[in-house]
Asker: 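Quick one: the structure is below, and I'll ask about it shortly.
Order of the sequence lines sets the chain letters (A, B, ...), proteins ahead of strands, with each chain counted from 1.
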There are 2 protein chains.
Amino acid sequence: MIRAARIVLFVALAMLARPLAASELRGTGNLGIVIERASGSVMIVDAGAHRMLGRVDGLGDLSHASAVYSPDQRYAYVFGRDGGLTKIDLLTAAIVKRVMQAGNAIGGAISDDGALVAVSNYEPGGVRVFESESLVQVADIPAVGANGKASKTVGLVDLPGRRFAYALYDAGEIWIADFSKGKGPAVTRLSGIGKQPYDGNVTPDGRHYLVGLFGEDGVVHVDTWENPLKATRILDGYGRGEEKLPVYKMPHLEGWAAAGGVLLLPAVGRHELIAVDLRDFKERGRIATYGQPVFAVARPDGRFVWVNFAHPLNDTIDVVDTLTMKVVHRLKPGPAVLHMEFTPRGHEVWVSVRDADRVIVYDAATFNKKAEIPAAKPSGMFFTARATRIGQ
Amino acid sequence: MIRAARIVLFVALAMLARPLAASELRGTGNLGIVIERASGSVMIVDAGAHRMLGRVDGLGDLSHASAVYSPDQRYAYVFGRDGGLTKIDLLTAAIVKRVMQAGNAIGGAISDDGALVAVSNYEPGGVRVFESESLVQVADIPAVGANGKASKTVGLVDLPGRRFAYALYDAGEIWIADFSKGKGPAVTRLSGIGKQPYDGNVTPDGRHYLVGLFGEDGVVHVDTWENPLKATRILDGYGRGEEKLPVYKMPHLEGWAAAGGVLLLPAVGRHELIAVDLRDFKERGRIATYGQPVFAVARPDGRFVWVNFAHPLNDTIDVVDTLTMKVVHRLKPGPAVLHMEFTPRGHEVWVSVRDADRVIVYDAATFNKKAEIPAAKPSGMFFTARATRIGQ
């Protein structure tokens, strides 16, 4: 009986030991991660409770890191700058698997069925694709453009139908890899799109893929519902005839919502957003902002777009009313505002303030501060609701 | 030691006993419920694994039942026809709380912050609002219209900013209740909107609230970004000059996506969908369908709209291509196709076939059948991703 008791005790203790702060039975719809760049760690957070549930270390170089989620919203896939791809279990705050899939990488995406994770690489270039369950590599797509050279890839997003779209920075091309027939992709190549595409994103419906050019003033548009696919230049020469400003930080193309059928894009090296009409992709006006925009993130209802800025004006957020196309509010969260992430239905927004070592939660309607959460040099923040969205 | 062993054994058994099929540590992003109308039960399903995790009984009259989810996607709030409001824990497959909040009810909504659940009542009419945590009532809003009579309410949806919109069937009014200042709502009343509003819904961005009229051919539009609010008639007399057909079942306004800025609405008593332009709310054409549409549900990318039909043509689904505005595919899932629910990024669709006692899962791109799941007279199906959407 004593032996039996010992076994039972061991079982009971093992069961009691398993739960970490994060590992009790809980829903995962409200969870998220905050990238802590300097320490190579991520915080697991509860967006409803405004608190940290756990911390996971050992993720390597997390500068410019991003993340996507499994459809069940239990696992995060974190894309590190050093080529590390790490699968994290949010419920146990543990690393499930980690692979060094390349020497230098710049983000990734997960297929619409959740089966495939793709990573965009700088070194050796190209895109590598992994089974999301095991992180076993299933495809390697070198990005050798029409110029014959291996290229870095950027702006990788998922499209409906097990597809991924991305741009070739060195070759000036857009490729769409279609995995709908299995693990060997059919790749469509659109070449000669322009100089140095630096980032890309797709509209929330997964239809229109847009790529920003760094080597010239312009944006490239692909309507992925067209057959055959073609790339069209829009906003050509948007800075023409004006003095070029130094570019302190490349803007990101992220967090779009189409308000009244219009997207707001950050212009490169300029203190403004450009409004683009989703019906004809022509310019519909510009909005003067406090600094050079880095992120222009729409509140999920599209009514307001929150904008942060490049150094040295990166202590400020402008809020643009998309009905009037004017800045209606200006916040000063603190030094080095790096990212903004809205709750799924947009009632709150999390703001990472790197040099204040904190995340601030604002009421997205009143702009009142609701909470502050200590974090070590926080940068990107990603909530699990991204699992439900196309192009994340 | 033996006494201690017994205590440990009891603790261990209690811990072992707790897990049901559904209650192991798991993410909740992929879960959902299927309403089993005849038996007053709901199935908890795993949309990724195509299987049932558990069943919860004792929910009363579930004809016309619907559900919303807590932001953490752990709890479902099921709105029964008999006025029952039931909070279900998806992880333990158990009823957390159940209240009979009225004598006869027709659906509900949850506020954007997840704090308030509102229910639309036929008997005694009006809307009642509850704390989502406790199901304690916090507001009772009788719907006494300008005609002085208590009205049934329909078409209840959440709007951004802790608001709810709904229509008064007997009074011909639209009300918007604003809880942003606390538990006592500010109510805006728009009267004289037309005869017998029978259902309403809001565009996915939460901006445009549309209400269908049964007493006359027409739809009512409220742009909730306008100040002051006003109701405008659109599609006036859409059936004018044509013979009225008998109406076998009222269509629902649900599952909209705006493809190319156009919504497809089911017309009352007609074999067609009406395309409405989101910029000016004018008609942009009609699509002939197999029968009288009940649901016209857009795939999340908006490219295709799946349509089911009223008795006696309810064994069929039409798939409309929103680019060409034509029916491109027709399926025959079986007798009494009652509902369709897409996975969040639209790679699959679940179809409930009541009189075949099964749910069929289709590949939403190829139309291939991927799975069949036995269910007892299944009707409505609701996945947890609805927690991330405005107007659900």
Side-chain angles (χ1 to χ4, degrees), chain A residues 1-2 4-6 8-9 11-12 15-16 23 25-31 46-48 69-75 90-92 112-114 158 160-162 180 205-207 225 257-261 278-279 299-303 323 343-348 365 384-385 387-390, chain B residues 1-2 4-6 8-9 11-12 15-16 23 25-31 46-48 69-75 90-92 112-114 158 160-162 180 205-207 225 257-261 278-279 299-303 323 343-348 365 384-385 387-390:
Chain A
M1 186 60 194
I2 286 175
R6 282 197 182 137
V8 168
L9 183 62
V11 169
M15 293 174 77
L16 289 170
S23 73
L25 208 60
R26 65 165 71 245
T28 53
N30 237 350
L31 304 185
D46 180 333
Y69 289 95
S70 60
D72 65 0
Q73 302 183 21
R74 175 170 182 174
Y75 302 103
L90 302 179
L91 290 175
T92 60
D112 61 352
D113 62 353
D158 60 281
R162 251 187 172 217
S180 64
D205 59 4
R207 175 172 179 179
W225 289 13
L278 270 177
R279 296 216 175 173
R299 204 171 72 173
D301 68 347
R303 176 62 190 271
L323 197 60
T343 52
R345 292 194 280 164
H347 76 301
E348 291 175 355
T384 53
T388 67
R389 296 194 200 124
I390 297 166
Chain B
M1 185 64 194
I2 287 176
R6 281 197 182 137
V8 169
L9 182 64
V11 169
M15 292 174 79
L16 289 169
S23 72
L25 208 59
R26 64 166 71 245
T28 53
N30 238 349
L31 303 185
D46 180 333
Y69 289 96
S70 60
D72 65 0
Q73 301 183 20
R74 175 170 181 172
Y75 302 103
L90 301 179
L91 289 175
T92 60
D112 61 352
D113 62 354
D158 60 281
R162 252 188 171 216
S180 64
D205 58 5
R207 175 172 179 180
W225 289 14
L278 270 176
R279 293 215 179 177
R299 205 172 70 174
D301 68 347
R303 176 63 190 271
L323 197 59
T343 53
R345 292 194 281 164
H347 77 301
E348 291 176 354
T384 53
T388 68
R389 297 196 199 121
I390 298 166

Asker: Could you look at A365(A) and say if it's the side chain, the backbone, both or neither that has a heavy atom under 4.5 Å from chain B?
Answerer: neither
Asker: Among P344(B), G206(B), G29(B), which residue forms the greatest number of heavy-atom pairs with chain A at distances under 4.5 Å?
Answerer: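 Top count of heavy-atom pairs under 4.5 Å with chain A: G29(B).
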Asker: With chain B as the partner, which of L31(A), D72(A), D158(A), T343(A) has the greatest number of non-hydrogen pairs under 4.5 Å?
Answerer: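 Top option by heavy-atom pairs under 4.5 Å: D72(A).
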Asker: Relative to chain B, which segment of P160(A) carries a heavy atom at a distance below 4.5 Å: side chain, backbone, both, or neither?
Answerer: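 Contact with chain B: side chain only.
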Asker: Measuring only between side-chain heavy atoms, which start at C-beta, is T28(A) closer than 4.5 Å to Y69(A)?
Answerer: no
Asker: Looking only at atom types and distance, does a side-chain atom of D112(A) sit under 3.5 Å from a main-chain N or O of G161(A), one as donor and one as acceptor?
Answerer: yes
Asker: With a 4.5 angstrom heavy-atom cut-off, is it the side chain or the backbone of D46(A) that approaches chain B, or both, or neither?
Answerer: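 Interface part for D46(A): neither.
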Asker: Would you mind telling me which of R345(A), R207(A), Q73(A) has the largest number of heavy-atom pairs within less than 4.5 Å of chain B?
Answerer: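 Of R345(A), R207(A), Q73(A), R345(A) has the most heavy-atom pairs under 4.5 Å with chain B.
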Asker: If you look at every heavy atom in T92(A) and L25(B), which pair is closest and at what distance?
Answerer: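 Minimum heavy-atom separation between T92(A) and L25(B): CG2-CD2, 3.9 Å.
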Asker: Heavy atoms only, distances under 4.5 angstrom: which of R74(A), R279(A), R162(A) has the most pairs with chain B? Name it, please.
Answerer: R279(A)
Asker: Which atom names give the shortest non-hydrogen contact between D113(A) and P71(A), and what distance separates them?
Answerer: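 Between these two residues, the closest heavy atoms are O-CG, 4.1 Å.
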Asker: Where do L323(A) and W225(B) come nearest, in terms of heavy atoms and distance?
Answerer: CD1-CE3, 3.8 Å
Asker: I'd like to know if the side chain of S70(A) and the backbone of Y75(A) have a donor-acceptor N/O pair within less than 3.5 Å.
Answerer: yes
Asker: Tell me, side chain or backbone of R303(A) under 4.5 Å from chain B's heavy atoms, or both, or neither?
Answerer: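 Both backbone and side chain of R303(A) come within 4.5 Å of chain B.
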